[in-house]
2 protein chains.
Amino acid sequence: MISISIIEDNNFYRELLVRVLKEKHFLKIYGVYSSAEEAIQELPANAPDIAIVDIKLKLKSGIELIETVKPYLANTQFLMCSGFQNDENIFNALKAGASGYIMKGSTEEEIQNAIIELHNGGSPMSPYIARKVINLLHRKKTSDNNLGLSSRELEVLSLLSRGLLYKEISDQLNISANTVKNHCKNIYKRLHVQNKIEAINKFSNYNLQAYAS
Amino acid sequence: MISISIIEDNNFYRELLVRVLKEKHFLKIYGVYSSAEEAIQELPANAPDIAIVDIKLKLKSGIELIETVKPYLANTQFLMCSGFQNDENIFNALKAGASGYIMKGSTEEEIQNAIIELHNGGSPMSPYIARKVINLLHRKKTSDNNLGLSSRELEVLSLLSRGLLYKEISDQLNISANTVKNHCKNIYKRLHVQNKIEAINKFSNYNLQAYAS
DNA sequence: AAATTAATAACCTGTTATGGTTATTTTTTT
DNA sequence: AAAAAAATAACCATAACAGGTTATTAATTT
């Protein structure tokens with residue numbers, strides 16, 4: 001038996017969801033809320049297995065709802081509900097802690113399947129959103145991710161980012177510690193930074209954030 | 001017109017793919033390879049829009065193929081082809097640079113749709129794999145991500161991770177640099193590390209890698 | 001062939017970090 | 001109320017790092 005709570009401000013769609021989910025014997029409606037504020041009050045004490053959250057709520061958005069309430073609901077999964085396939089907010093909702101979503105135009109069967117998939121440890125989502133998530137993984141290794149650094153400098157920077165000392169890096173690369181030091185100085189110059197950590201950050205920011213948000 | 005190359009060592013399935021894709025007027029078979037080695041040789045000079053790669057190849061796996069060949073194929077998208085829904089390697093393939101996948105049991109229509117979705121900027125994948133990707137986003141903000149550090153120590157560590165010096169941190173927190181130094185020493189002890197970078201890594205590893213792989 | 005860039009390496013100086021000890025005050029827990 | 005933990009802070013010695021200069025060699029480009 002999967003317990004489900006619904007947070008949806010639109011009366012019509014909320015009732016529709018309730019009706020569709022009541023049909024299935026293995027689903028149990030736990031709580032029904034018409035605003036994020038109401039849900040924030042009630043959810044922590046009444047944790048469902050799955051919370052279906054409309055992404056566009058009145059005062060607070062569904063994303064804010066998840067962010068505030070998630071720390072208290074370790075065992076609840078959030079299923080976002082959006083009107084549009086390619087809503088940018090769906091991606092942000094997934095980042096905030098949602099695990100999947102359904103569209104408002106979905107059929108009864110699709111909604112039920114999404115819930116089952118979610119409960120089985122899957123993440124139902126459209127290919128468009130999936131790509132945005134995947135792009136975070138790729139981190140642009142392909143093209144100009146070197147920031148003007150030479151391959152040797154990238155090598156040194158990579159070892160630096162593991163927390164190795166100059167001596168340890170020089171042993172690994174079979175060069176002198178002075179040379180490592182020298183590479184670092186050049187790296188700092190090119191990245192316009194003053195120390196290891198800033199260099200590492202600049203590097204990983206470039207690799208990660210190009211695709212983020 | 002979408003140009004497609006196929007890397008598949010199984011003769012039967014390779015020919016089946018060719019036949020299915022030839023049916024569609026907007027798809028053009030570009031190259032057909034029966035091993036990763038062959039593809040590594042040929043692909044860089046003959047870049048297709050989409051490369052369909054079997055995940056299990058003889059000597060080198062499809063993942064290795066992508067890793068070695070991707071730097072030369074900035075405009076090619078990789079569509080993995082696997083026998084199983086929940087093949088762990090699919091997830092690794094996505095990390096390596098693939099953008100979606102199809103299953104060997106897929107219908108002709110599903111294969112064609114996956115290609116179209118991929119070409120339109122989507123990432124076709126199953127909910128199971130999607131979840132593994134999503135979990136990377138969540139980073140376990142919820143529960144015990146503090147590693148036994150006090151809130152003040154977390155504060156210091158957070159500022160450290162931006163590359164600030166002791167003095168800069170002490171100014172920001174209105175405490176003495178000696179105190180910051182002291183917090184660091186305690187942080188290092190608790191995390192069993194020797195320097196800033198290792199501490200930062202341990203922290204972010206805990207937040208990121210708990211779900212990875 | 002000449003010039004440029006990359007990789008190598010050493011020197012010096014000053015700053016920053018690390019590791020150890022000790023100690024006071026405040027907050028939290030028992 | 002007593003004990004424990006957290007936050008504060010100083011001292012010392014050593015190690016590591018940062019920034020500057022200079023220089024040789026190898027590889028690449030012009």
Side-chain angles (χ1 to χ4, degrees), chain A residues 71-72 141-207, chain B residues 44-45 71-72 74 141 143-207:
Chain A
Y72 311 103
K141 273 182 198 161
T142 33
S143 54
D144 47 12
N145 69 342
N146 52 330
L147 292 169
L149 300 180
S150 73
S151 59
R152 195 56 153 177
E153 286 166 345
L154 287 171
E155 212 171 352
V156 170
L157 188 50
S158 162
L159 294 171
L160 265 188
S161 75
R162 294 188 209 162
L164 301 194
L165 305 178
Y166 291 160
K167 185 64 178 58
E168 293 170 325
I169 294 175
S170 71
D171 286 347
Q172 196 130 135
L173 299 180
N174 281 309
I175 55 180
S176 122
N178 280 318
T179 303
V180 175
K181 202 181 292 188
N182 203 53
H183 283 307
C184 285
K185 282 185 285 193
N186 292 330
I187 290 169
Y188 298 160
K189 262 189 197 163
R190 268 201 193 66
L191 302 186
H192 304 291
V193 296
Q194 266 72 51
N195 60 54
K196 292 178 178 181
I197 296 175
E198 283 180 5
I200 294 165
N201 286 341
K202 200 131 199 173
F203 189 67
S204 62
N205 280 343
Y206 194 89
N207 281 290
Chain B
Y72 310 103
K141 275 182 198 161
S143 53
D144 47 12
N145 66 342
N146 53 329
L147 292 169
L149 300 181
S150 72
S151 59
R152 193 57 152 180
E153 286 165 345
L154 287 170
E155 211 171 352
V156 170
L157 187 51
S158 163
L159 294 171
L160 267 187
S161 75
R162 295 187 209 160
L164 301 193
L165 306 178
Y166 291 161
K167 185 65 177 59
E168 293 170 325
I169 295 174
S170 71
D171 286 347
Q172 196 132 134
L173 299 180
N174 281 308
I175 56 180
S176 124
N178 279 317
T179 303
V180 175
K181 201 180 293 188
N182 204 55
H183 283 308
C184 284
K185 282 185 286 194
N186 292 330
I187 290 169
Y188 297 159
K189 260 189 199 163
R190 267 201 195 67
L191 301 186
H192 304 291
V193 297
Q194 267 70 52
N195 60 52
K196 292 176 178 184
I197 295 174
E198 284 180 6
I200 294 166
N201 286 342
K202 201 130 200 176
F203 190 67
S204 62
N205 279 344
Y206 194 89
N207 282 292

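The shown structure was predicted, so the numbers you read here are calculated from the model rather than taken from an experiment. Reminder, nothing fancy here: chain letters follow the sequence lines and each chain counts from 1.
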Grab the [atom1]-[atom2] distance between [X] and [N] for me, whole Å please.
| X | N | atom1 | atom2 | value |
| --- | --- | --- | --- | --- |
| B/Asn182 | C/dA17 | CG | C1' | 14 Å |
| A/Asn186 | C/dT8 | CG | P | 11 Å |
| A/Leu173 | C/dA7 | CG | P | 11 Å |
| B/Asn178 | C/dG19 | CG | C1' | 13 Å |
| A/Lys189 | C/dA6 | NZ | P | 13 Å |
| B/Leu164 | C/dA17 | CG | C1' | 15 Å |
| B/Ile169 | C/dT18 | CD1 | P | 10 Å |
| A/Glu198 | C/dA17 | CD | C1' | 15 Å |

Hey, which sits more toward the 5' end of DNA chain C by its nearest nucleotide, B/Ile197 or A/Asn174?
A/Asn174

Measure from the side-chain N and O atoms of A/Glu153 to the backbone N and O of A/Ser150, and report whether any donor-acceptor pair falls under 3.5 Å.
yes

Nearest heavy-atom pair of [X] and [Y]: which atoms, and what distance?
| X | Y | result |
| --- | --- | --- |
| A/Ala199 | A/Ile187 | CB-CG2, 4.4 Å |
| A/Glu198 | B/Gly163 | OE2-O, 3.8 Å |
| B/Leu160 | B/Cys184 | CD1-SG, 3.7 Å |

Using a 4.0 Å heavy-atom cut-off, does [X] contact any base of the nucleic acid, only the sugar-phosphate backbone, or nothing at all?
| X | value |
| --- | --- |
| B/Ser176 | sugar-phosphate |
| B/Asn195 | sugar-phosphate |
| B/Tyr166 | base |
| B/Lys181 | base |

Are B/Asn195 and A/Leu165 close enough, and set up right, to give a side chain to side chain contact (heavy atoms under 4.5 Å, CB included), and what steps lead you there?
CA-CA 9 Å; B/Asn195 60 52; A/Leu165 305 178; 4.0 Å; yes

What distance do [X] atom [atom1] and [Y] atom [atom2] have between them, rounded to the nearest 0.5 Å?
| X | Y | atom1 | atom2 | answer |
| --- | --- | --- | --- | --- |
| A/Ile197 | A/Ser161 | CD1 | OG | 11.5 Å |
| B/Leu173 | B/Leu159 | CG | CG | 5.5 Å |
| A/Ile200 | A/Lys202 | CD1 | NZ | 14.0 Å |

Are any of B/Lys167's side-chain N or O atoms less than 4.0 Å away from OP1 or OP2 of C/dT16?
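For B/Lys167, the contact criterion (side-chain N or O under 4.0 Å from OP1 or OP2 of C/dT16) is not met.
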
Do the side-chain N or O atoms of B/Arg152 get closer than 4.0 angstrom to the phosphate oxygens (OP1, OP2) of C/dT27?
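So the side-chain polar atoms of B/Arg152 never come under 4.0 Å of the phosphate oxygens OP1 or OP2 of C/dT27.
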
Lys/Arg cation over aromatic A/Tyr166: A/Lys196, 6.0 Å, 45° cone
yes

From the candidates C/dA7, C/dT16, C/dC11, the one with an atom nearest any side-chain atom of B/Leu165 is C/dT16

Of the options C/dA17, C/dT8, C/dT18, whose atoms approach the side-chain atoms of B/Tyr188 most closely?
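Selected nucleotide (nearest to the side chain): C/dT18.
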
With side chains defined as the heavy atoms from C-beta onward, is the minimum distance between A/Arg162 and A/Gln172 less than 4.5 Å?
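Side chain of A/Arg162 against side chain of A/Gln172, heavy atoms only: contact under 4.5 Å found.
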
Covered region of DNA chain D, 5' end to 3' end, by chain B [heavy atoms, under 4.0 Å]
D/dA6 to D/dA10

Overall bend - the helix from C/dA1-D/dT30 to C/dT30-D/dA1, comparing terminal axes fitted on five pairs, nearest 10 degrees:
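For the helix from C/dA1-D/dT30 to C/dT30-D/dA1, the axes at opposite ends meet at about 60°.
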
